Amino acid sequence: MNEIALLEWVRGTGFQIATVVLVAGVIIRIFEILMLGRKKNLAEAKGSEFSSGMRTIVSRSVPESDSFKRSAFTIVAGYIFHIGLFVTIFLFAPHILLISELTGLGWPALPTPIVDAVAVLSIIALLAILVHRFNNKILRYLTTPGDLFIWFVTIAPLITGYIAFHRIGMSGPMLLAVHILSVELLMVVLPFSKLTHVFTIFMARWYNGAISGYRGVQS
Amino acid sequence: MSASLEKGVNALKQQVDSSVAAFFSSCVHCGMCADTCLFQTETGNPASTPIAKAEPLRRVWKSEYTLLGRIGKMFGLSKKVDEKLLTEWETMVYDNCTLCGRCSMVCPVGNDIALMIRKTREGMAAAGHAPEGLIGATNRSIKIGSPMGVKLPALLAQIRHLEEDTGLKVPVDVEGAEYMLLLSSMEIMNFPEFMEAIARIFDKAGATWTISSEAFEATNSGIQIGVSDLAAELVQRVVDAAEKLKVKTVISPECGHAYMAIRWDGPNLVGKAFSFKVRHILEVLDTFREEGRLKLKDKISEKVTYHDPCQISRRGGVIDQPRRLIDLFADDFVEMPDAGKMNWCCGAGGGVSSNERADEVRLQVFKRKKAQLEEVQPDAIISACSNCRIHIEDGLEEYGMDIPLMSLTETLAEHLADD
Amino acid sequence: MDQTDSVIHFNIQASDQLTWNVEPLLHEVKHALERLATEDETSVIDLRSIPLAPGEEDRILEILGLGEVVARLNVLGSSDVVETEYSGVWVVTHYNENEETIGRFIEVTRMPEILRSQAEDVAEASERLALRLEDEQQEKQTSNKLAVEK
Amino acid sequence: MASHSDKEKTLGDVLRSHGVSRRSFMKYCATTASMMAMSPAMIPMIAEALENAKKPSVIWLSFQECTGCTESLTRAGASTVENLIFDSISLDYHHTLQAASGHRAEEAKEEAMHENHGKYLLVVDGSIPMDNPGYSTIAGISNYDMLMEAAEGAAAIIAVGTCATYGGLPKASPNPTGAVSVSDLIKDKPIINVPGCPPIPVVITGVLTHFLTFGALPELDDLGRPKAFYGQSIHDRCYRRPFYDKGLFAETFDDEGAKAGWCLYKLGCRGPTTYNACATTKWNNGTSFPIESGHPCLGCSEPEFWDGGGFYKALSIPTADVGETVLYTAAGAAAAGVALGALNRATKGSANKAHEKVTLEDLEK
């Protein structure tokens, strides 16, 4: 297979497979989780489940001050790479083209040099996170081989995207093919790994807020 | 698989619901929960990381309730819950967690980790992996009616003493009273002043109240050990008594988990909404204050601080009431850092105080409270949980500190206006 | 460039620096000129090897300007060899038979090589001239002969 | 066509006898070096090598093609020297260009092949049909047979145009003739691929010049293309690249961005994945190249460019039409999700059923 054929495969069949797995996986996981259901709370309510849940979905993005002091690195590095992923995925012109082609939705892109700088920052943040994971006693204890795999799956599109944009090391089609392939890997892995937090975070935060809010405490 | 292990795994299967599934699906192993847990910050033990404590429940969720886990199980690849795991995890789940729920407030993906550990205990207990101390307490609760083995005659004796000493009346089994008071065994045996305080305040406020001779115990060891069946049995006793006496409101006394047990878990355990209300004593007192039925004669000048019992404030929703009440009698009130819903646990809740095996670690983690107290330098500490109170006194003694501890209700009673 | 007129020009002004290659290139010329002055080292820059936007090449030529020497060569179509305002900086432009540009170089030298008479051509020219003179002589002899015969 | 008396002379001799001056020759060397992206410092070396090179023999075979490649070459407006070297001196057989026809033409080919066995260059344009040899024949000989015969004695083969290099249009889906490229068939000869539809003409003469200058094939990339011409992508050499870097794109062919000459990425430009010299060599004698004329690069010199999705779809857009797939997937997944959810409920239901009241005895184990 020459590199153009590989590029055509990842833009065609490969993308199709990845999309199918992603869409199917996300839907299956959502049913799998939500259909388990939750018992109705029979205690007299002191607050609203729904609105507290919705509030927590937002408020949990702002770290509580004591834990910010204690987990500053995790929070700052985490924020950088999450914002970085958002910017590089959703505000880079070629990506918006892809999204608008698939969904019909489009929005203005950020200037490319900004996206580029953000990508570099994200890569640095993710590398630092990996180092931190190995150096921190607690994280070493928690870390599974799966975590390292997911770290790789997350940083790969950033790195391949960066070198594809700057055209380092490989031919254009190969760079693009490898980049798209790395994204397809991410798409396939997402629904079946801890990356599910991309969508289950909304459920988890809502439940947290609802459970707490029912008792009159905004979590 | 032994019969008891099977029972434990089955109990874990029962505990998984959509919230648990969403929580486990979302965990990214960021480790932030560790930084919020005093059992981790004060011991440095990575195994004390809150989310790691729910590992048995996670394994059951993964292999029973996820597509990938099901496939893995088919090929024998899933991680199993076995005796070894439960033995290893027992000390983490019971000795090194007070279910304080601080982690649940911080987890960036929103996992209610305390709930997950609470659910894990259901499986541990059913599999026979609960600590001796808690088993004993549960045994006494079910068989005698109190975890400390306090029987009705002992209570009646205390009431008699009280009535003789003060001339106040403590109503027992009065049908149609507005309030039915529950008491923790500690309050009966160690802090009888509490009952006296109630009698004074309710007398002044003109509220009718009673104690049931059939269900006076507020604590619920079934909740702490994690056996819903037994917890339900204990709750049912209170429900029966309250219905029999036709009271409007059941009062949970100054005890954290007792409030959680009867206020929030109770109806769900017995599977029926209550026909009466449940209120914490601080909520009742705050209502009296609001209605002008609680008048004080003087204020104290000492610098006081308030220790939030986790199950009453963070997990129970009673946060502002104690502060409003303290304002009635204290001029110099200072908050500890992270007060309110982010308060640090004393280190002995969630059954830890009943578990002798955890004596060492609970004193070790008290260092957090100690540090907070050192920062604030109060002349006195006010709290609203007998369990916190006993443990803090223990801790202060251990670390050679001398700060008096006061019950909020009792302090209010001491400063009641005479009119 | 003659034929740029036929190219769609969009809205680009000659001063728009699209590729940012104009200035670095002129700096390169400056350094080459310094080397020529101090070490007598010559340099050639192929303008085709550098991506330039429409108008940028004109901009470069405009800055270099027109100097003292303008030569037109008639070789396989024509070629222009022009010394710029800056002595030692030459612009050599090759055209094909249709007067279309097929190459443009900036040469930093005292004399572009192509302007010199080439050894081979000189050798061939002297042969050719000798032959020509022989022819002339022969012709003269022949006509003399004829005159004598007359 | 080359006259036989030229055969033993050096190229320098031949050129001089055609009245080409040294200056002309130097001009040719300079422009050739420029086109081959060689450093101007190499011009004297090229000149000397060419001067002393032996006259080459070139045989050109055309198979399933449109003659566009030949058109491109003959319209090249190349210098006289170029024409002399390629057309007049070297080309022994080219059935479109040669004067001879019929048997005479075939004889000329046979003769050239025989006399220069092992030394001639074979140029091929067009793809070779493999489904049925009758799809394309010359003088009754199938393309395949003719190629194999001519290739046998060739020093090297230059596959010209996208058809000869990658199969091109004839090979585009559904490939009705079973078309294949030269390199699909020949494995034991050096092959230089000069893809493009059509290829840039000077690349052909450039390769020839290189072969004569250095006595060897130029350096090739992994698709067999001369790196001198195909070493950099259109994108990397494009004068509109700064707009790409800044994120300034034409959205349509007639918007302000298009008029301002912004990057054509969004209009489907294949520049980033296309390796060719258009951006520097340019077309129509250096007039411009497609992007300069406001049209995105089609990627005509890359494999399978006909089947690589719409020309006007940006590179980041998948070629697969996933819209419908997603719809079916979502429906299927919803059904599977409901089934799995029901399975989960059943698991939990049976756990609830299996539940035996936990007693004090259980705690003691």
Side-chain angles (χ1 to χ4, degrees), chain A residues 2-5 7-37 91-104 109-116 164-165 167 171-177 179-180 191, chain D residues 166 221-223 230-236 243-249 251 263 265-266 270-275 299 302-305 307-309 313-323 325-345 347-348:
Chain A
N2 64 48
E3 46 199 40
I4 288 281
L7 177 61
E8 289 313 320
W9 188 87
V10 300
R11 289 179 68 206
T13 314
F15 187 78
Q16 205 139 16
I17 293 171
T19 311
V20 165
V21 174
L22 177 71
V23 171
V26 169
I27 291 174
I28 284 173
R29 290 305 308 276
I30 289 175
F31 275 103
E32 200 176 76
I33 292 166
L34 293 184
M35 274 182 71
L36 270 167
L91 299 177
F92 182 49
H95 297 165
I96 298 172
L97 281 184
L98 172 124
I99 294 163
S100 72
E101 173 76 13
L102 296 182
T103 64
L110 270 185
T112 311
I114 295 178
V115 178
D116 192 37
F165 178 75
R167 308 176 73 79
S171 70
M174 200 62 184
L175 286 168
L176 195 55
H179 174 56
I180 297 174
Chain D
Y166 309 128
D221 68 8
D222 48 7
L223 285 171
Y230 297 90
Q232 279 174 304
S233 70
I234 300 295
H235 186 66
D236 290 336
F243 291 120
Y244 174 86
D245 291 342
K246 277 188 274 188
L248 297 171
F249 301 99
E251 307 280 341
C263 178
Y265 183 90
K266 287 189 173 182
R270 294 291 182 274
T273 56
T274 303
Y275 285 73
E302 293 299 319
E304 284 152 62
F305 95 96
D307 294 328
K313 266 189 178 181
L315 263 175
S316 62
I317 295 174
T319 52
D321 179 22
V322 292
T325 318
V326 165
L327 220 62
Y328 289 129
T329 304
V338 169
L340 278 163
L343 213 57
N344 278 356
R345 291 179 79 95
T347 304
K348 196 170 167 183

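Bear in mind that the values here come from a model prediction, so they are computed numbers and not experimental data. All values below come from the heavy atoms of this structure, side chains included, with hydrogens, waters and symmetry mates left out. Below, chain A is the first sequence line, B the second, and so on; all start at residue 1.
Ranked by heavy-atom pairs under 4.5 Å with chain A, the list D/A342, D/G323, D/G341, D/A336 is led by D/G341. Interface summary for chain A: among D/L223, D/D236, D/D221, the most heavy-atom pairs under 4.5 angstrom belong to D/D236. Looking only at heavy-atom pairs under 4.5 Å with chain D, the residue among A/H95, A/M174, A/R11, A/E8 that has the most is A/R11. Note: D/N344 leads D/T274, D/N344, D/L340, D/T347 in heavy-atom pairs under 4.5 Å with chain A.
Smallest separation of non-hydrogen atoms from D/D245 and A/F165: OD1-CZ, 3.8 Å. Smallest separation of non-hydrogen atoms from A/E101 and D/K313: OE2-CE, 3.2 Å. Of all heavy-atom pairs spanning D/A334 and A/F31, the tightest one is CA-CE1, 3.7 Å. The nearest pair of heavy atoms linking D/S316 to A/L98 is O-CD1, 2.8 Å.
Contact annotation for D/F249: only side-chain heavy atoms (C-beta onward) come within less than 4.5 Å of a heavy atom of chain A. When heavy atoms are compared at a cutoff of 4.5 Å, D/D222 approaches chain A solely by way of its side chain, counted from C-beta outward. With a 4.5 Å cut-off on non-hydrogen atoms, D/K266 touches chain A through its backbone and its side chain both. With a threshold of 4.5 angstrom between heavy atoms, A/L97 approaches chain D through its backbone and through its side chain. For D/L315, the parts lying near chain A are the backbone and the side chain together; criterion is any non-hydrogen pair under 4.5 Å. Contact annotation for D/Y275: only side-chain heavy atoms (C-beta onward) come within less than 4.5 Å of a heavy atom of chain A.
Under the side chain to side chain donor-acceptor pair (under 3.5 Å) criterion, A/E32 pairs with A/R29, sequence neighbours left out.
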Which atom pairs, one a donor and one an acceptor, fall under 3.5 Å between side chains of residues 15-28 of chain A and the rest of the protein, sequence neighbours left out?
from	atom 1	to	atom 2	distance (Å)
A/Q16	NE2	D/D321	O	3.4
A/Q16	NE2	D/T325	OG1	2.7
A/T19	OG1	A/F15	O	2.5

